[in-house]
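Each remark here refers to the structure printed beneath this line.
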Amino acid sequence: MRRSFIAAILVACLASAAHADFGEYLGHNLDGKTLVVHTDMGELRITPRDEAALEVHYLENDVKQLPSFALAGEP
């Protein structure tokens, strides 16, 4: 199940690259629960937060990342 989840996320990232240019795909790795996709422009980090939410960070080379905040709704 974990491999199929990672594969689905990777496919979604690559499909979305057709709409948002984030460089050429170089590779990917799993860092704990975070899928890290490496491109020639930087990296894309995707972390599951719960069954229905993903945290996505685009970390472009030589660009300072601003803090990210998420608010959870009522359980």
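Start at 1 with the first residue, then count along the sequence. Just so you know, these numbers use all the heavy atoms, side chains as well, and skip hydrogens, waters and symmetry mates.
Between atom CG of residue Leu44 and atom CD of residue Glu60 there is a gap of 12.0 Å, rounded to the nearest 0.5 Å. With values rounded to the nearest 0.5 angstrom, Thr39 atom OG1 is found 7.0 Å from Asn61 atom CG. We find the NZ-OG1 distance between Lys33 and Thr47 to be 10.0 Å, quoted to the nearest 0.5 Å. Interatomic distance, Glu24 CD to Met41 CE, rounded to the nearest 0.5 Å: 10.5 Å. Going from atom CD of Glu43 over to atom CG of Asp31 covers 9.0 Å, rounded to the nearest 0.5 Å.
Applying side chain to side chain contact (heavy atoms under 4.5 Å, CB included) to Pro48 and the options Leu35, Leu54, Thr34 leaves one that passes, Leu54.
Residues Tyr25 and Val56 fall within the same hydrophobic cluster, defined by Ile, Leu, Val, Met, Phe, Trp and Tyr side chains chained together at heavy-atom separations under 4.5 Å. Following chains of ILVMFWY side-chain contacts shorter than 4.5 Å, one can reach Ile46 starting from Tyr58, so the two form part of one hydrophobic cluster.
Listed here is the closest heavy atom pair of His28 and His38: CA-CD2, 4.0 Å.
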